[in-house]
Protein chains: 2
Amino acid sequence: MTNRREAVREILSHSEGFRSAQDIYAQMRAAGAKIGLTTVYRALQTLADSGQIDVLRTDEGESVYRACATGTHHHHLVCRRCGRTVEVAGPAVERWAEAVGAEHGFTAITHTVEVFGTCPSCTAAASSS
Amino acid sequence: MTNRREAVREILSHSEGFRSAQDIYAQMRAAGAKIGLTTVYRALQTLADSGQIDVLRTDEGESVYRACATGTHHHHLVCRRCGRTVEVAGPAVERWAEAVGAEHGFTAITHTVEVFGTCPSCTAAASSS
DNA sequence: CGTCAAAATGAAAACGGTTGTCAAAATCAG
DNA sequence: CTGATTTTGACAACCGTTTTCATTTTGACG
């Protein structure tokens, strides 16, 4: 069992950036896997619940998933053109978030940070066009 | 014209936190306004396009809107219990985002930051329970 | 091996928020 | 007033996601 779930995790861990559920489903079908869309969703949900993968929503309302290298807290620097993702640690932001929360008397501070930009190769591609 | 659009903006500017489109629609109908859901969406879109309001997606995939006091770039500190929102400026984060992007050769850096916590009164309420 | 119960699977339907369509209504020239 | 233009809103279409439910797979036990 959980053969499918592991297959999904495999795909994710070999992917560079964020992948959508449908994207993963399409890839698995293209690779000849006999799997249903439902199962992909369920696998992703289970993996997310157990903290093995990250989930976030795109501006278009699609959920995207990513297997992160480390289990520790970190953020992402995402290329807005090609989707290339770099994991970045940011002690400065962590401290800032804590400070800003404390300043207003808030407790149990958490935060989400996403940095977007155009990666070197896409910047080159864009300027040459 | 744009009577409806202004009505929508009115609602938003008198609201404390983020409101969903359907939420706003419901309130306007409850208040007796003759307006369609489509028009609310259109008004919100127009306002967002012209930068007069902020949009973001909840984890549930719903778009939520907010009229911000200032037109300048800032972030939000949101109480996860009561939804109370404080606008916070964060020069430190801006600089950090720029730096982290530049470090990896990314250009045209933008970022989204949301800080969540439990506000003073909710913290008190929780501990007394 | 059978047998049966529990878990996993997937096709299709349901769902919910959002967006498109299109005809009717309001608004604006002239 | 008349005709053109814009705005409007009821409704259908869309799209990603979730639920449903019948079927299949799995695993324990005799």
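Because the structure is predicted, anything quoted here is derived from the model rather than measured.
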Under the rule for side-chain contact (heavy atoms from CB on, under 4.5 Å), what residues qualify as partners of [X], not counting sequence neighbours?
{"X": "A:Arg19", "answer": "A:Ile11, A:Leu12, A:Ser15, A:Asp23, A:Ile24, A:Gln27"}
{"X": "B:Glu114", "answer": "A:Thr112, B:Leu56, B:His76, B:Val78, B:Phe116"}
{"X": "B:Glu60", "answer": "B:Thr58"}
{"X": "B:Arg95", "answer": "B:Pro91"}

For [X] and [N], give me the distance from atom [atom1] to atom [atom2], rounded to whole Å.
{"X": "B:Ile24", "N": "C:dG17", "atom1": "CD1", "atom2": "C1'", "answer": "14 Å"}
{"X": "A:Tyr65", "N": "D:dG16", "atom1": "OH", "atom2": "P", "answer": "12 Å"}
{"X": "B:Leu56", "N": "C:dG17", "atom1": "CG", "atom2": "P", "answer": "17 Å"}
{"X": "B:Asp23", "N": "C:dG17", "atom1": "CG", "atom2": "P", "answer": "11 Å"}
{"X": "A:Glu60", "N": "D:dC14", "atom1": "CD", "atom2": "C1'", "answer": "15 Å"}
{"X": "B:Asp59", "N": "D:dT18", "atom1": "CG", "atom2": "P", "answer": "12 Å"}
{"X": "B:Tyr25", "N": "D:dC11", "atom1": "OH", "atom2": "P", "answer": "10 Å"}
{"X": "A:Arg5", "N": "C:dG10", "atom1": "CZ", "atom2": "C1'", "answer": "16 Å"}

Handout entry: A:Leu47 vs A:Val8 side-chain heavy atoms within contact, under 4.5 Å
Key = yes
Problem - Pairs where residues 90-111 of chain B contributes a residue and the test ring pair (Phe, Tyr, Trp, His ring centres under 6.0 Å) is met, not counting sequence neighbours - result: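 Passing the test, one end in residues 90-111 of chain B: B:His73-B:His111, B:His75-B:His111.
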Problem - Residues touching DNA chain D, which here means a heavy atom under 4.0 Å, drawn from residues 33-46 of chain B - result: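 The answer is B:Lys34, B:Ile35, B:Gly36, B:Thr38, B:Thr39, B:Arg42.
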Practice task
Identify whether any heavy atom of A:Gln22 sits under 4.0 Å from a base atom; if not, whether one sits that close to sugar-phosphate; answer base, sugar-phosphate or nothing.
Solution key: base
Practice task
For A:Ser63, report the nucleic acid contact type (base, sugar-phosphate, nothing); a contact means any heavy atom under 4.0 Å.
Solution key: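 Counting heavy atoms under 4.0 Å across all strands, the contact made by A:Ser63 is with sugar-phosphate only.
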